[in-house]
Amino acid sequence: MAELDPKKFKHILVGVDDSPDAQLAFRYAMNRAKEDDAEMTITSILESDDMNVYQALNKDFVHGQRDELEKHILGYRDLAVRFGIKKVNVIIGEGDPGETIVKQIIPQIKPDLLIVGSLSKKGIRKRFGSQAAYMAKYAPISVLVIR
């Protein structure tokens with residue numbers, strides 16, 4: 001029997017936040033992207049349900065939150081570039097993480113692998129872990145859940 005080659009991915013999407021499981025997912029995604037010589041897109045979701053009604057209606061507050069998230073995600077991008085990944089993109093979404101990634105980001109960028117963490121605890125983290133099951137069930141592409 002001939003040796004079977006593992007599937008190579010061309011475009012990897014990784015969901016990040018500050019949780020330990022998301023950090024593991026990011027590290028795994030970097031290694032996989034480098035090994036497969038794949039494009040990598042890093043995404044993070046600004047969740048409006050974590051804001052109170054006054055914050056959500058305050059455009060300056062929302063803009064500040066988005067700016068902070070953008071700076072943070074660009075730090076992930078810089079790490080990936082320094083690691084040697086040739087093509088790295090970032091995308092910020094807004095809303096429910098699972099639904100936003102599955103219904104908006106995946107159709108927009110057309111990756112062939114989604115990598116997410118699953119053991120989050122608070123803030124965006126409390127939702128992202130439960131969102132991993134949603135993404136694994138509904139994403140139209142391969143999903144790797146890191147623990």
Side-chain angles (χ1 to χ4, degrees), residues 8-147:
K8 296 256 183 198
F9 294 97
K10 294 179 179 135
H11 188 176
I12 297 169
L13 173 64
V14 60
V16 298
D17 58 25
D18 285 333
S19 66
D21 57 303
Q23 301 296 313
L24 287 173
F26 177 69
R27 287 196 298 271
Y28 184 88
M30 284 196 309
N31 282 308
R32 185 66 196 238
K34 191 170 184 180
E35 182 178 315
D36 289 0
D37 194 28
E39 177 178 355
M40 185 166 95
T41 299
I42 306 162
T43 189
S44 196
I45 309 300
L46 180 62
E47 293 184 79
S48 55
D49 69 342
D50 282 346
M51 299 176 215
N52 67 43
V53 69
Y54 302 107
Q55 290 170 328
L57 292 173
N58 182 334
K59 288 183 171 69
D60 290 335
F61 180 83
V62 174
H63 184 69
Q65 293 287 97
R66 188 173 179 88
D67 284 350
E68 185 177 315
L69 184 58
E70 187 173 331
K71 286 178 192 171
H72 197 67
I73 201 169
L74 288 173
Y76 281 104
R77 182 191 167 282
D78 291 345
L79 282 172
V81 169
R82 282 186 298 189
F83 188 70
I85 299 165
K86 295 174 187 163
K87 187 167 184 187
V88 184
N89 313 298
V90 298
I91 188 166
I92 295 174
E94 291 185 29
D96 177 77
E99 284 188 25
T100 301
I101 289 171
V102 169
K103 294 179 180 177
Q104 295 174 17
I105 294 174
I106 290 174
Q108 179 183 343
I109 66 167
K110 297 177 179 44
D112 52 355
L113 175 64
L114 169 62
I115 300 176
V116 293
S118 72
L119 297 176
S120 300
K121 299 297 180 208
K122 62 179 186 164
I124 187 172
R125 300 174 205 166
K126 76 178 184 321
R127 308 245 333 161
F128 211 70
S130 64
Q131 297 298 317
Y134 176 90
M135 290 182 273
K137 183 174 181 177
Y138 294 107
I141 60 174
S142 295
V143 178
L144 179 61
V145 179
I146 300 294
R147 294 194 164 107

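Throughout, residue positions are numbered sequentially from 1 according to the sequence presented.
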Shortest non-hydrogen contact between Q131 and G98, atoms and distance: OE1-N, 3.0 Å
Can you find a heavy atom in the side chain of I109 that is under 4.5 Å from one in the side chain of T43? no
Pairs under 3.5 angstrom only: tabulate donor-acceptor contacts from the side chains of residues 72-93 to other protein residues two or more places apart or in another chain.
{"unit_1": "H72", "atom_1": "NE2", "unit_2": "D18", "atom_2": "OD1", "d": "2.4"}
{"unit_1": "Y76", "atom_1": "OH", "unit_2": "D17", "atom_2": "O", "d": "2.6"}
{"unit_1": "Y76", "atom_1": "OH", "unit_2": "Q23", "atom_2": "NE2", "d": "2.5"}
{"unit_1": "K86", "atom_1": "NZ", "unit_2": "D37", "atom_2": "OD1", "d": "3.4"}
{"unit_1": "N89", "atom_1": "ND2", "unit_2": "E39", "atom_2": "OE2", "d": "2.6"}
{"unit_1": "N89", "atom_1": "ND2", "unit_2": "T41", "atom_2": "OG1", "d": "3.2"}

Among residues two or more places apart or on two chains, list those pairs meeting side-chain hydrogen bond (donor to acceptor under 3.5 Å, both in side chains) that have a residue in residues 105-115. none
So, for M135 and I101, which heavy atoms are closest and what is the spacing to 0.1 Å? SD-CD1, 3.7 Å
Would you compute the distance between atom CG of L113 and atom NZ of K8 and round it to the nearest 0.5 angstrom? 13.5 Å
Search all heavy atoms of V102 against all heavy atoms of P107 and return the closest pair with its distance. O-CD, 3.3 Å
Once rounded to the nearest 0.5 Å, what's the spacing between atom CG of L46 and atom CD of E70? 11.5 Å
Minimal heavy-atom distance between P97 and I45, with the atoms involved, is CA-CG1, 3.8 Å
Do you know the tightest heavy-atom contact between G117 and A132? O-CB, 3.6 Å
Search all heavy atoms of L69 against all heavy atoms of S44 and return the closest pair with its distance. CD1-OG, 3.4 Å
Side chain to side chain contact (heavy atoms under 4.5 Å, CB included) involving Y28 - partner list, sequence neighbours excluded: R32, I115, L144, I146
If you round to the nearest 0.5 Å, how far is OH of Y138 from CD1 of I106? 14.0 Å
Min side-chain heavy-atom separation L13-I141 under 4.5 Å: no
Non-neighbouring partners of K103 that pass salt bridge (charged side-chain N to carboxylate O under 4.0 Å, His left out), sequence neighbours left out: E99
Answer yes or no: is there a side-chain heavy-atom contact under 4.5 Å between M40 and F26? yes
